[in-house]
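Take a look at the structure set out below.
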Amino acid sequence: MTSAPFARKLAALESRGRLRQLSPRAGRDFASNDYLGLAGDPIIAQAVADAVARGVPLGSGGSRLLRGNAPEHEGLEAKAAAFFRTQAALFLANGYAANLALFSTLPQRGDLVVADELIHASVHDGIRLGKAAALFARHNDPQSFVDLIAGWRAEGGKGRIWIAVETLYSMDGDMAPLADLTRIAAQHDAMLLLDEAHGTGVFGPGGRGLSAGLDGLHNVVTLHTCGKAMGAEGALICGPRVIIDYLVNRARAFIFSTAPSPLMAVAAAAALDRIEGAGDLRDRLATLRQDAAEEICARFGLPPPRSQILPIVLGEDDKAMAAAAALQEAGFDVRGIRPPTVPPGTSRLRISLTLNIGRADVAALGRELRRILP
């Protein structure tokens, strides 16, 4: 097999301005998902150091169903179930693997997944691996969910409905209408699958996310990633015990994966403690949102950000990438986002507010944006 076909495909991506390349970390952090600045937190680091000192191994040695199931994994899952107020939790390597497990396993043949059209790529991939039909609702439009369900039923659909959304969308920074979706799920005896990747740690009492108060419902499954505001790595699926047990028995993304490091389970457990008591950090992040509203949004006619994610949609790929390059040259790590991550014609700068920067940095970014953007 020659490499020529791959080279041609890469050349085509480059000609369209969509060739991806890895780049080192540089400049002030307006790009990461380390919203509370906990990735380098000394308390979490000390918990891991203490675990190493008492002999907790780096590697798990196998899948959880073989010899890879460590006390640290089970301890984290028990702690997460109590923290998120659900019957049970399951720890996986990352959010992508967790969504792959959820959507390839839980919806059954004859069921219907109704997902928001802007839901994460990992959900699309999980659906493709599963047996259920899928329809995609207009973004954050409850009536669209209702109409799709009604249309499917009218055409003879008999199975269970699975409603899937992100509670906070990673590229738009807006929030799902959870109250409406909870009501719709109740009316249609549907399951709610809620991806809290960008909400955990930042929103809700004790950082339990935007779905706090829903986690314990019999028809709700939540996904909390540990690699964003929690500053660690991995993902926690939380829900009814029967759902978690079914995933352990049937989810190939869990069964056939080497278990995450026991040390990362220690880090995630320590991170739960940190976010629970991190009201001061959430207050600081809220202050940065207000600063961004004044220094950036007001100057460009944008609405104030509702979350720590602020998109500036520029439209064309080249325009977004050129703006990102100019900001990086000026010392601001802001990334340009292009299709297929976002819909065509909506290429953008994704500004992420984290506690790795301060109020002066937000003001400086605002000045630089006014310099480089018309």
Side-chain angles (χ1 to χ4, degrees), residues 36 38 44 47-48 51 56 60 63-65 68-95 97-103 105-106 162 164 166-167 178 182 185 191-251 253-255 257 259-278:
L36 299 181
L38 294 181
I44 297 174
V48 174
V56 175
S60 64
S63 69
R64 293 282 298 279
L65 289 172
N69 187 42
E72 290 74 22
H73 297 129
E74 294 190 354
L76 168 61
E77 288 164 348
K79 188 183 192 78
F83 181 80
F84 293 111
R85 303 181 184 179
T86 61
Q87 290 182 0
L90 187 65
F91 186 48
L92 289 92
N94 52 59
N99 270 330
L100 218 61
L102 284 171
F103 288 91
T105 307
L106 295 182
W162 300 78
E166 297 179 43
T167 62
L178 292 185
T182 302
M191 294 292 294
L192 270 177
L193 301 181
L194 306 178
D195 188 336
E196 281 273 28
H198 297 270
T200 305
V202 177
F203 292 99
R208 291 194 289 116
L210 290 160
S211 64
L214 302 179
D215 298 69
L217 298 179
H218 74 281
N219 66 330
V220 173
V221 177
T222 56
L223 168 59
H224 303 269
T225 57
C226 308
K228 296 179 175 64
M230 286 175 61
E233 187 177 294
L236 292 156
I237 298 173
C238 298
R241 166 61 66 184
V242 66
I243 294 290
I244 301 305
D245 288 346
Y246 189 79
L247 290 169
V248 169
N249 280 273
R250 302 298 292 178
F254 172 80
I255 295 168
S257 289
S261 165
L263 291 177
M264 194 49 64
V266 170
L272 288 176
D273 290 334
R274 287 291 283 122
I275 66 171
E276 184 173 27

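Computed from a predicted structure; not experimentally measured.
Inter-residue side-chain proximity for Thr167 and Phe203 is flagged as unmet; no heavy-atom pair is nearer than 4.5 Å. Ser63 is not listed as a side-chain neighbour of Ile255, based on a closest heavy-atom distance of 4.5 Å or more. Residues Glu74 and Asn69 form a side-chain contact, since some pair of their non-hydrogen atoms from C-beta on lies under 4.5 Å apart. Thr200 places none of its side-chain heavy atoms less than 4.5 Å from the side chain of Lys228. Under the 4.5 Å side-chain criterion, counting only non-hydrogen atoms from C-beta, Leu106 is in contact with Leu247. Residues Pro260 and Ser60 have side chains not in contact (no heavy-atom distance under 4.5 Å, counting atoms from C-beta outward). Looking at Ile243 and Ile237, their side chains never come closer than 4.5 Å, going by heavy atoms from C-beta outward. Inter-residue side-chain proximity for Leu272 and Leu76 is flagged as met; some heavy-atom pair is nearer than 4.5 Å.
From Arg208, atom CZ reaches atom NE2 of His224 across 9.0 Å, with rounding to the nearest 0.5 Å. Once rounded to the nearest 0.5 Å, the distance linking CG of Asp195 with CG of Leu102 reads 8.5 Å. A distance of 6.5 Å separates CG in Leu210 from CG in Leu178, rounded to the nearest 0.5 Å. Considering OG1 of Thr182 and CG of Leu217, their distance stands at 7.0 Å, rounded to 0.5 Å. In this structure, the separation between CG on Asp245 and CD on Gln87 is 9.5 Å, given to the nearest 0.5 Å.
The shortest heavy-atom contact between Leu223 and Ala98 is CD1-CB, 3.5 Å. His218 approaches Met191 most closely through the heavy-atom pair O-CE, 4.0 Å. The nearest pair of heavy atoms linking His73 to Ala259 is CE1-CB, 3.9 Å. Phe84 approaches Cys238 most closely through the heavy-atom pair CD1-SG, 3.8 Å. In terms of heavy atoms, Ala51 sits closest to Leu263 at CB-CD2, 3.8 Å. Of all the heavy atoms in Leu38 and Ala229, the pair that sits closest is CD1-O, 3.4 Å.
Taking the charged nitrogens against the carboxylate oxygens, Glu77 and Arg64 do have a contact shorter than 4.0 Å, which makes a salt bridge.
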Could you walk me through whether Cys226 and Phe91 pass the side-chain contact (heavy atoms from CB on, under 4.5 Å) test, one step at a time?
-> CA-CA 10 Å; Cys226 308; Phe91 186 48; 4.2 Å; yes
Worked verdict on Ile275 versus Phe83 for side-chain contact (heavy atoms from CB on, under 4.5 Å) | CA-CA 11 Å; Ile275 66 171; Phe83 181 80; 4.0 Å; yes
